[in-house]
Amino acid sequence: MQKELHTILNAVPVISIHGSTDALISQIQTDSRVIQAQGLFVACKGVAVDGHAFISAAIDKGAVAIVCEHLPREIHPSVCYVVVENSIAVCGSLLTNLYEIDFSKLSVIGVTGTNGKTTTVTLLYKVFTQLGFSCGLLSTVRNVIGTQEFEASHTTPDIVQLYKFFYAMQQNSCSYCFMEVSSHAIHQQRVAGVPFAGAVFTNITQDHLDYHETFAEYIRVKKQFFDTLPKSAFALVNSDDKHGTVMLQNTRAKSYTYALRSFADYSAKIIEMHTDGMLLSVQKTEVWTKFLGAFNGYNILAVYAVATLCGCAHDSVLQVLSSLSPADGRLEFFKNAEGKTAIVDYAHTPDALENILSTLQTQCKGDMQIITVVGAGGNRDKTKRPLMGNIAAKMSAKVIITSDNPRNENPQDIANDMIAGISPEDSHKVLCILQREEAIKTALMLAKHNDLVVVAGKGHETYQEIEGVKHHFDDREVIKNIFKL
């Protein structure tokens, strides 16, 4: 694929141009290390580095055009320099022009929030696919184009990779793309310029304060996503979350709410809940689902609302929802012949952990108990560690504090941070076994008939990151081996 530079600059707000715009462009990159011949290098000011420092390196690798916010000292006579106010902000328009993406035919729906993003976009992909649409999915667990799956490395891809996915989806005649939109991606403008057809806000609780520093800044970044939606889009928010309507304050999009506890445009309530699912009333129609917990009630309701806002029939949407199962590593149940049950879940925030444990508490009958295995990620928000330790100990009969992805931190230091939040009256419930496989084995050994063992934090992940190296590790594999499943 080749396009002349002046074609790629169509409708891009340019301050000045230095050089010829007749050059043929075959690729756009924000990383100078991967630029090739006939490349356009977009020099962006990142969180850690400034791309303007790598303009010369990009030209040495074959870049024939540079988009930048200020001209470098050395001007190469055969290179065209395009000066703009904000490089990353125009990157989406450049990529749209290169790939000739028609967003009137590919509707992009973004889901943001602390918890529930993966389940919501995965269910949307499954519902719309079963309703006959060709769809794309960009999630923490996997990326999918039509029926072809790709491994996901980030919750939201970088902007160049994102538009490559959009192009591939267009080539595969996808009508919809359902994607997670993380706070990091919003702040780093990885979704800048994407003309979203709709956006969903699930909830917001403490997370990522290592990056955003304050909760107020975390909220502001999430709100920024809704502030930039086009008038043609819809904005759907969980109004049971006190920050839900805040997201709508300055949006130009058509606003809608959903809720389980309060009046909203889309409402639902839980009628019955069992270990194999729950009966919901969605817009006054009863539907059985294979999901547990109020948090999943919100996810299902959000999916229903998006589907009907996109013109899908009420009965058809509910019929498909009743047939679907949770995403990988989300409240995933394993049971052995002795009646012991293990549940793997991705819960890695205080709110998510509390949601999981409170849901499972409602299913405990007689002398059934919950044993929780949990850790916390290294080099991430440290303030949530004592909160998670406290919640796990308060809501479980026994807790085993273990290692999660320690990354470059000492696992014992992470465990100590979690243990520091546990109250003296709950301290007798706590064991610390840093070796994660041993921690899971111990929990399953301690469990009696009918007890529930919750293994939280890693969910779908198939690795454990230690000192920069990803070692193969899957909670589900460990449990299946022990249970001989």
Side-chain angles (χ1 to χ4, degrees), residues 103 106-131 133-157 161-162 165-166 168-169 172 174-186 190-191 194 196-204 207 222 225-226 229 233-238 247 256 258 266 289-291 295-310 312 317 320-321 324-332 345-349 352 459-461:
F103 285 105
L106 176 66
S107 297
V108 183
I109 312 291
V111 178
T112 195
T114 307
N115 300 310
K117 296 189 297 295
T118 301
T119 295
T120 301
V121 295
T122 302
L123 288 179
L124 282 167
Y125 169 81
K126 290 180 177 179
V127 166
F128 277 71
T129 298
Q130 289 201 30
L131 289 175
F133 297 96
S134 179
C135 301
L137 170 68
L138 301 176
S139 77
T140 302
V141 177
R142 63 174 64 88
N143 299 321
V144 186
I145 298 170
T147 58
Q148 189 176 3
E149 292 194 11
F150 303 86
E151 186 178 349
S153 58
H154 293 81
T155 297
T156 309
Q161 187 61 51
L162 178 62
F165 276 122
F166 289 156
M169 290 175 194
N172 281 268
C174 292
S175 300
Y176 291 93
C177 169
F178 303 106
M179 64 177 290
E180 295 186 49
V181 180
S182 68
S183 59
H184 291 68
I186 299 167
R190 278 187 256 152
V191 292
V194 178
F196 285 93
V200 180
F201 169 78
T202 58
N203 52 63
I204 192 163
D207 198 15
K222 292 287 190 188
F225 177 45
F226 290 86
L229 290 174
F234 66 79
L236 174 69
V237 303
N238 174 3
M247 300 294 148
Y256 299 91
Y258 69 100
Y266 296 90
T289 73
K290 299 174 185 178
F291 294 77
F295 59 96
N296 272 323
Y298 286 107
N299 296 334
I300 289 166
L301 181 57
V303 171
Y304 168 85
V306 169
T308 54
L309 283 169
C310 291
C312 300
V317 175
V320 174
L321 280 170
L324 300 180
S325 301
D328 293 345
R330 267 62 175 179
L331 218 60
E332 197 168 345
D345 195 85
Y346 188 53
H348 61 284
T349 67
H460 65 282
E461 292 180 351

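What you are looking at is a predicted structure, and each value in this text was computed from that prediction instead of being measured.
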(request) Could you list the residues that satisfy side chain to side chain donor-acceptor pair (under 3.5 Å) with N238, not counting sequence neighbours? (result) none
(request) State, without any angle test, whether T112 and E180 hold a side-chain donor-acceptor pair at a distance under 3.5 Å. (result) no
(request) Could you name each residue pair satisfying salt bridge (charged side-chain N to carboxylate O under 4.0 Å, His left out) that touches residues 118-129, not counting sequence neighbours? (result) none
(message) Just so I know, are the side chains of D345 and E332 near enough to count as touching, which here means a heavy-atom distance under 4.5 Å?
(response) no
(message) Side chains of F166 and V108, heavy atoms from C-beta outward: is any pair under 4.5 Å?
(response) yes
(request) Could you walk me through whether F128 and C174 pass side-chain contact (heavy atoms from CB on, under 4.5 Å), step by step? (result) CA-CA 11 Å; F128 277 71; C174 292; over 6 Å; no
(request) Please tell me if the side chains of N115 and F295 come closer than 4.5 Å, counting only heavy atoms from C-beta onward. (result) no
(message) Nearest 0.5 angstrom please: N143 CG to F150 CZ, how far?
(response) 8.5 Å
(request) Just jot down the ring-ring contact (aromatic ring centres under 6.0 Å, His included) partners of F165, sequence neighbours excluded, or say none. (result) none
(request) Supply the atom-to-atom distance C135 SG to I145 CD1, rounded to the nearest 0.5 angstrom. (result) 12.5 Å
(message) Could you measure the distance from the OG1 atom of T119 to the CG atom of N299? Nearest 0.5 Å is fine.
(response) 5.0 Å
(request) Using a 4.5 Å cut-off on heavy atoms from C-beta on, say whether the side chain of F291 contacts that of L331. (result) no
(message) Could you check whether any side-chain heavy atom of L131 comes within less than 4.5 Å of a side-chain heavy atom of V317, counting everything from C-beta outward?
(response) yes
(request) Kindly write out the residues that satisfy ring-ring contact (aromatic ring centres under 6.0 Å, His included) with Y304, not counting sequence neighbours, or none if the list is empty. (result) H314
(request) With sequence neighbours excluded, tell me which residues meet side chain to side chain donor-acceptor pair (under 3.5 Å) with E461. (result) N405, K458
(request) Would you check if L324 and Q130 make a side-chain contact, meaning some heavy-atom pair closer than 4.5 Å? (result) yes
(message) Working to the nearest 0.5 angstrom, can you tell me the gap between L138 CG and C177 SG?
(response) 4.0 Å
(message) Could you tell me if the side chain of L162 sits less than 4.5 Å from the side chain of M179, heavy atoms only?
(response) yes
(message) D328: which residues meet the side chain to side chain donor-acceptor pair (under 3.5 Å) condition with it, sequence neighbours left out?
(response) R142
(request) Please check if any side-chain donor atom of R330 sits under 3.5 Å from a side-chain acceptor atom of H460, or the reverse. (result) yes
(request) State yes or no: are the ring centers of Y266 and Y258 separated by less than 6.0 Å? (result) no
(message) Using modelled atom types and a 3.5 Å cut-off, is there a donor and acceptor pairing between side-chain atoms of H184 and backbone atoms of S182?
(response) no
(request) Please say which of F226, F225, F103, F234 ends up in a ring-ring contact (aromatic ring centres under 6.0 Å, His included) with F196. (result) F225
(message) Between Y125 and Y176, is there a side-chain heavy-atom distance shorter than 4.5 Å?
(response) no
